[in-house]
Amino acid sequence: MKKHLNGVKVPHHKGTSEKQIVWMDVPEKVTIPMSQQIGPPCEPLVAVGDEVKVGQKIGFADHPMSVPIHASVSGKVTAIEDFLTPMGAMTKAIIITADKLQEKDPAIAPPVVTDHASFVQAVRDSGLVGLGGASFPTFIKLNPKDLASVTTLVVNAAECEPFITADDRGMRELSDKLFVGIEAVRKYLELEQVIIGVEDNKPAAIAHLREKETDTLKVQSLRSRYPQGGEKVLIYETTGKVVGEGKLPADVGVIVMNVTSLITLGQYLLTGEPLTYRCVTVAGSAIANPQNVMVYLGTSYQDVIDFCGGFSQEPGAVFMGGPMMGICVYDLSFPVLKNNNAIVALSKKDVVEDKESPCINCGRCISACPFNLMPTNIDRALAAGDVEMLKELKVNLCMECGSCAFVCPAKRQLVVSNKLAKKKLMNAGKR
Ligand code: SF4
Ligand code: SF4
């Protein structure tokens with residue numbers, strides 16, 4: 001059995017790790033899209049002209065996967081518009097013009113949690129989704145089919161993407177809430193152990209959390225190697241368990257939760273305040289004053305970047321998330337979403353448009369892949385339209401981490417091929 005999975009060494013660029021989280025002012029307006037999770041979009045529960053308070057439920061869908069969306073500022077609903085999500089789907093967005101009073105919804109109160117069912121309902125009511133980027137509804141994760149077989153919570157604190165330090169700061173500044181969240185998951189799911197996996201480029205966070213170690217709660221220092229925070233990679237590195245193709249972590253007795261999700265959960269259990277703000281790392285060579293900022297959800301990128309001193313030079317690309325797995329944002333009116341852990345703006349000189357050339361069969365992409373996939377063969381099978389071969393090559397295991405493309409000397413667009421290949425398999429009913 002391999003000690004470690006493959007992966008790549010990426011530059012860390014964690015220059016904001018020593019900067020304390022700062023709160024941003026309430027913006028003039030927020031744009032709150034009704035689709036911020038995996039699953040169907042919410043329906044607006046308010047109309048233009050309505051007054052809203054902080055934490056008020058403004059969106060929900062009658063669907064088993066739906067989690068509510070809440071107002072992040074108090075003020076008036078001034079528009080409900082069409083909105084194009086980062087994944088290219090159309091949804092509605094509620095525009096709230098802030099009154100800057102930040103009056104809270106009077107219904108806000110700590111949830112009454114007495115057992116697993118009431119805990120799962122509380123997590124759903126909090127509006128929580130995977131805040132590390134996945135945006136999977138947390139309440140579903142905490143309600144696995146075979147609860148009795150789940151024994152371990154793995155806290156994903158790897159934060160392996162370059163530039164991002166929001167989780168790191170959260171562990172050091174908000175650990176009281178983190179441990180409230182962890183303890184609730186441990187208690188109501190009756191888990192045997194908790195492992196917090198942190199890359200070893202965060203020594204201060206590791207030392208701080210280790211002060212709270214017990215026989216059943218361990219902090220595991222992981223080597224800094226991208227993509228250490230990939231769910232299946234993290235499970236292997238912390239527990240030695242393999243989550244196979246088409247399987248879920250719960251199938252091997254594990255639940256994985258992002259560390260900032262657990263901090264937010266702790267905050268909710270203590271106060272009843274749902275998810276209306278989050279910590280965002282604002283960094284990259286084009287940002288004048290990189291830092292970690294607590295941002296009201298729905299605040300525009302332009303407002304957040306202005307708060308960080310604006311651009312120091314013309315950006316070549318602005319990412320929602322990190323440069324490895326993030327999505328390029330082309331319009332700075334784009335709002336901060338629940339799963340948006342970073343805004344990374346790179347200068348023009350740092351954004352090189354690589355020209356693809358033919359594969360030279362060097363095999364580096366295969367060596368880089370944590371799952372030993374063969375991206376070059378997937379690329380060829382896709383070009384040939386060979387669905388059977390794509391299935392055989394297990395492309396559905398691909399987590400789109402980009403390690404293969406990162407090392408490819410021919411600059412092949414391997415992640416794009418993998419995404420298209422997965423789509424092709426899905427359309428062919430072979431998922
Ligand atoms: S094939 Fe997928 S999982 Fe493997 S390195 Fe490439 S993007 Fe990552
Ligand atoms: S790394 Fe690039 S050039 Fe090398 S085998 Fe893979 S696709 Fe081909």
Side-chain angles (χ1 to χ4, degrees), residues 2 4-11 86-87 130 132-134 136 156 158-162 164 197 199 222-238 241-249 252 256 319-328 352-426 430-431:
K2 279 173 79 167
H4 297 295
L5 299 182
N6 297 339
V8 288
K9 272 190 182 170
V10 293
M87 305 316 287
F136 188 80
N156 191 345
E159 202 167 49
C160 56
E161 270 262 3
I164 308 178
E199 272 197 352
L222 308 167
R223 66 183 190 145
S224 298
R225 195 162 179 93
Y226 182 86
Q228 197 70 266
E231 195 168 67
K232 290 179 178 175
V233 177
L234 185 69
I235 290 172
Y236 184 81
E237 298 284 332
T238 51
K241 293 181 177 174
V242 176
V243 183
E245 191 183 6
K247 298 288 179 195
L248 295 170
V252 295
V256 179
F319 293 95
M320 172 187 167
M324 296 298 286
M325 288 190 78
I327 297 170
C328 245
V352 184
E353 282 194 24
D354 291 320
K355 214 167 147 20
E356 263 189 306
S357 56
C359 171
I360 56 170
N361 294 315
C362 67
R364 286 186 211 174
C365 53
I366 301 167
S367 308
C369 180
F371 306 137
N372 299 319
L373 299 180
M374 302 172 83
T376 180
N377 294 16
I378 293 168
D379 201 21
R380 286 186 192 123
L382 177 72
D386 191 340
V387 172
E388 288 306 322
M389 182 55 75
L390 289 175
K391 175 92 182 136
E392 211 169 294
L393 291 167
K394 296 185 182 296
V395 66
N396 277 332
L397 265 176
C398 173
M399 61 177 156
E400 301 166 17
C401 68
S403 299
C404 49
F406 181 75
V407 296
C408 176
K411 308 300 175 197
R412 306 288 306 161
Q413 298 287 317
L414 300 170
V415 182
V416 177
S417 318
N418 290 354
K419 283 184 184 177
L420 291 173
K422 284 159 79 175
K423 194 95 180 157
K424 199 167 184 67
L425 274 188
M426 192 169 73
K430 294 197 184 271
R431 206 173 162 83

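FYI, the numbering just counts along the sequence from 1. As the structure lists them, so they are numbered: ligands from 1, and atoms in each ligand from 1.
Looking only at side-chain heavy atoms (C-beta outward), Val243 and Leu248 stay at 4.5 Å or farther from each other. At a threshold of 4.5 Å between non-hydrogen side-chain atoms, the residues Leu397 and Lys232 count as touching.
Ranking the protein heavy atoms by distance from atom 4 (Fe) of ligand 2 puts Cys362 SG, 2.3 Å first. For atom 5 (S) of ligand 2, the closest heavy atom belonging to the protein is Gly363 N, 3.2 Å. When hydrogens are left out, the protein atom nearest atom 8 (Fe) of ligand 2 is Cys359 SG, 2.3 Å; that is the closest non-hydrogen contact. At the top of the distance list for atom 2 (Fe) of ligand 2, counting protein heavy atoms only, stands Cys408 SG, 2.4 Å. Scanning the protein heavy atoms around atom 6 (Fe) of ligand 2, the nearest turns out to be Cys365 SG, 2.4 Å. Nearest protein heavy-atom contact of atom 3 (S) of ligand 2 is Ile360 N, 3.4 Å.
Taking all atoms of both residues into account, the shortest heavy-atom contact from Asn418 to Cys398 is ND2-SG, 3.4 Å. Scanning all heavy atoms of the two residues, the minimum distance from Thr238 to Gly197 falls at CG2-CA, 4.4 Å. Of all non-hydrogen atoms in Pro249 and Ile235, the two that sit nearest each other are CB-CD1, 3.5 Å. The two atoms that bring Glu400 and Lys422 nearest to each other are OE2-NZ, 2.7 Å, heavy atoms only.
In the vicinity of Pro375, heavy-atom distances shorter than 4.0 Å reach the ligand 1 atoms 1 (S). Remark: ligand 1 atoms within the under-4.0 Å shell around heavy atoms of Gly402 are 7 (S), 8 (Fe). Remark: ligand 1 atoms within the under-4.0 Å shell around heavy atoms of Ser403 are 5 (S). Of all the atoms in ligand 1, the ones that sit under 4.0 Å from a non-hydrogen atom of Cys369 are 1 (S), 3 (S), 4 (Fe), 5 (S).
Note on Cys401: not counted as a metal contact of atom 2 (Fe) of ligand 1, no N/O/S atom lying under 2.8 Å.
Using a distance-only test at 3.5 Å, with no hydrogens or angles considered, a donor-acceptor pair links the side chain of Glu356 to the main chain of Gln413.
Neither the backbone nor the side chain of Val407 has any atom closer than 4.0 Å to an atom of ligand 2 (non-hydrogen atoms only). Counting heavy atoms closer than 4.0 Å to ligand 1, residue Asn418 contributes side-chain atoms (C-beta onward) but none from N, CA, C or O.
Shown here is Arg364, whose CZ atom has no more than 12 heavy atoms of other residues, nucleotides or ligands within 6.0 Å. Heavy-atom neighbours of Lys411 NZ from other residues, nucleotides or ligands within 6.0 Å: above the threshold of 12.
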